[in-house]
A.B. asks: 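Have a look at the structure that comes next, please.
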Amino acid sequence: MSVSEHLKQYGVATERELEQFDSFAKLLVETNKKFNLTALTDDKDAALLHFYDSLSVRQALPCRDGLTLIDVGCGAGFPSMPLAITMPDCQFTMMDSTAKKLTFISESAAALELSNVKTLVGRAEEFSTKKEYRESFDVGLARGVARLNILAELVLPFVKVGGSFVAMKGRGALEEVEEAKNGIAVLGGKLETVIPVAIPETDRVHNLVVIKKIAPTPPQYPRQFGRISKKPL
Ligand code: SAH
């Protein structure tokens, strides 16, 4: 069964979007033979743990066209590629420090004729100090990059005041929120809600941690990565 056949019953995308998911999944499997992009390539696992999981983020997003989103540490494009396919009126910036992953993303975006995808190769903590990127996105997203107390310093500086940061977390989300509380406040964030997401056909429950940006991030943040990870705020 293809990715689209696994997803069809859940009504998460249109026929055309499902076809694009299949094309993207095929490119992922092919490219994965040349270099390691993801551990999950089985169609069912990819459908549920990559595509369904990524699409769940939509319930945490404001409902309007023209949103600008940045996916920090996007890897092979999760959650941002499935979202870009289903949200053509929103602009996605996919950032990762590994160039080969972003080459895969730009080639895939071209193959799928997506005009709402930009790529940025480099480290989050370096880009977010640049005027062009600082506090310039409506939404910051991240999955599988770091614990929340570290991740907040990597993502919140990109988010406009009034925008939001959606961190995709697993079972330990509430502990991570507790641990990151101080840092979130220092960086100008405020916890809005935690939305549990049950992944069908598995016993997994993921959590969308939604943090509102309520004040500018002080200019001394982010620090260098060594400091961020050794001494989280
Ligand atoms: N979001 C993807 C990939 C997770 S793996 C998914 O869920 O499938 C974590 C990714 O974050 C890796 O590709 C790594 O290169 C990237 N990364 C880690 N720290 C980073 C940083 N400081 N800036 C940019 N990318 C980073």
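Every number for a ligand or one of its atoms is a count from 1 in the order of the listing.
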A.B. asks: Angle class for the Tyr133/Phe127 ring planes (parallel below 30°, perpendicular above 60°, tilted otherwise)?
C.D. replies: perpendicular

A.B. asks: Checking Glu5 against Ser2 for the side-chain hydrogen bond (donor to acceptor under 3.5 Å, both in side chains) test, could you report, in this order, the C-alpha distance in whole Å, the side-chain angles of both residues, the deciding distance, and whether it holds?
C.D. replies: CA-CA 5 Å; Glu5 284 163 332; Ser2 63; 3.3 Å; yes

A.B. asks: Testing the 3.5 Å rule here: is there a donor-acceptor pair between the side chains of Thr38 and His50?
C.D. replies: yes

A.B. asks: Test: salt bridge (charged side-chain N to carboxylate O under 4.0 Å, His left out). Region: residues 65-81. Which pairs qualify, not counting sequence neighbours?
C.D. replies: none

A.B. asks: Salt bridge between Glu132 and Lys130, side-chain N to carboxylate O under 4.0 Å?
C.D. replies: no

A.B. asks: Check each of Arg64, Lys212, Lys213 against Asp138 using the salt bridge (charged side-chain N to carboxylate O under 4.0 Å, His left out) test, and report the only one that passes.
C.D. replies: Arg64

A.B. asks: Ligand 1: which residues have a non-hydrogen atom closer than 4.0 Å?
C.D. replies: Gly73, Cys74, Gly75, Phe78, Asp96, Ser97, Thr98, Lys101, Gly122, Arg123, Ala124, Glu125, Arg143, Gly144, Val145

